[in-house]
Amino acid sequence: MARYVSPPNQLDFKQQVWQCVRQIPPGMVATYGQIAALISAPTGVDPAAYVSFGARWVGGAMKNCPEDVPWQRVINSQGKISLPRGGGEEIQRELLETEGVQFDERDRVDLRRYRWPGPGL
DNA sequence: TCCTTGACTCAGA
DNA sequence: CTCTGAGCCAAGG
C-alpha cells in the first residue's frame with residue numbers, strides 16, 4: 001500500500017472495469033484495450049497515458065475482480081490468453097469453450113468473430 | 001527512496 | 001502470421 005498518491009477514484013475505475021466486463025454476453029470476448037477504451041480514465045491521470053497503460057490497469061483490476069465478473073471473457077489484443085503461470089489459463093479456455101468460443105490450434109480466439117462489441121453491433 | 005515487475009499494446013523485422 | 005523490443009503508470013520489496 002503506497003501513499004494516497006491517487007484518489008480513491010481508482011477503486012471506482014476498477015468497478016467500471018468489472019461492470020463493463022459484466023456487460024459482455026456469453027460466447028463473446030473483449031480485449032483489455034477495448035475495456036480501457038470504453039471506460040473513462042481516473043482523475044489525475046492523463047488520457048494519453050491512460051490509453052497507453054489502461055489495458056494494464058484492466059489486468060490489475062481483473063486480478064482483484066469479484067467472482068461475479070466473467071474475467072474469462074477478457075483477453076489480450078492478440079486474441080490469446082496471457083494469464084500468469086498457473087493462473088488458470090486452462091480454466092479460462094474451458095470456460096470459453098463451454099460458452100461456445102472456439103480456440104485455434106495456437107490457443108487463439110478469432111476476435112473477428114467473437115470480439116465484443118462485435119462488428120455486427 | 002530506488003529498483004523490479006506486471007492478466008498489455010504497438011511498431012518493426 | 002509470428003517473434004522481438006520499447007513504452008507506459010502503479011504497486012511492492
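Since the structure is predicted, the reported quantities are computational estimates derived from the model, not experimental observations. Numbers restart at 1 for each chain; the letters A, B, ... are given by sequence-line order, proteins then strands.
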* Asked: Do A/R56's NZ or CZ and the ring of A/Y32 fall within the cation-pi criteria of under 6.0 Å and 45°?
  -> no

* Asked: With a non-hydrogen cut-off below 4.0 angstrom, is A/W71 in contact with a base, only sugar-phosphate, or nothing?
  -> base

* To do: Calculate the interatomic distance between A/D46 atom CG and C/dG7 atom P; express it in whole Å.
  => 18 Å

* For atom NZ of A/K14 and atom P of C/dA11, their distance in whole Å -> 9 Å

* Would A/K80 and A/D107 pass as an ion pair if we require N to O under 4.0 Å? -> no

Give every pair of a protein N or O atom and an N or O atom of nucleotides 9-12 of chain B that lie under 3.5 Å apart, one pair per line with the distance.
| residue | atom | partner | partner atom | Å |
| --- | --- | --- | --- | --- |
| B/dT9 | OP1 | A/G33 | N | 3.0 |
| B/dT9 | OP1 | A/S77 | N | 3.3 |
| B/dT9 | OP2 | A/S77 | N | 2.6 |
| B/dT9 | OP2 | A/S77 | OG | 3.3 |

* In this structure, are over 12 heavy atoms from other groups packed under 6.0 Å from A/E97 atom CD? -> yes

* **Value in whole Å for how far the P atom of C/dC8 lies from CZ of A/F53** => 11 Å

* **Value in whole Å for how far the C1' atom of B/dA7 lies from CD of A/E90** => 16 Å

* Asked: Whole-Å distance between B/dC8 C1' and A/I35 CD1?
  -> 13 Å

* **Rounded interatomic separation in angstrom, taking CG from A/L83 and P from B/dG6** => 13 Å

* Linked, directly or transitively: A/L95 and A/F103 (ILVMFWY side chains, under 4.5 Å) -> no

* Structure fact -> A/E105 atom CD is separated from C/dC1 atom P, nearest whole Å, by 15 Å

* Integer-rounded Å distance: C/dG7 C1' and A/W57 CH2 -> 16 Å

* **A/Q15 atom CD, neighbour heavy-atom count above 12 within 6.0 Å** => yes

* **Atom CD of A/Q23 with >12 non-hydrogen neighbours under 6.0 angstrom** => yes

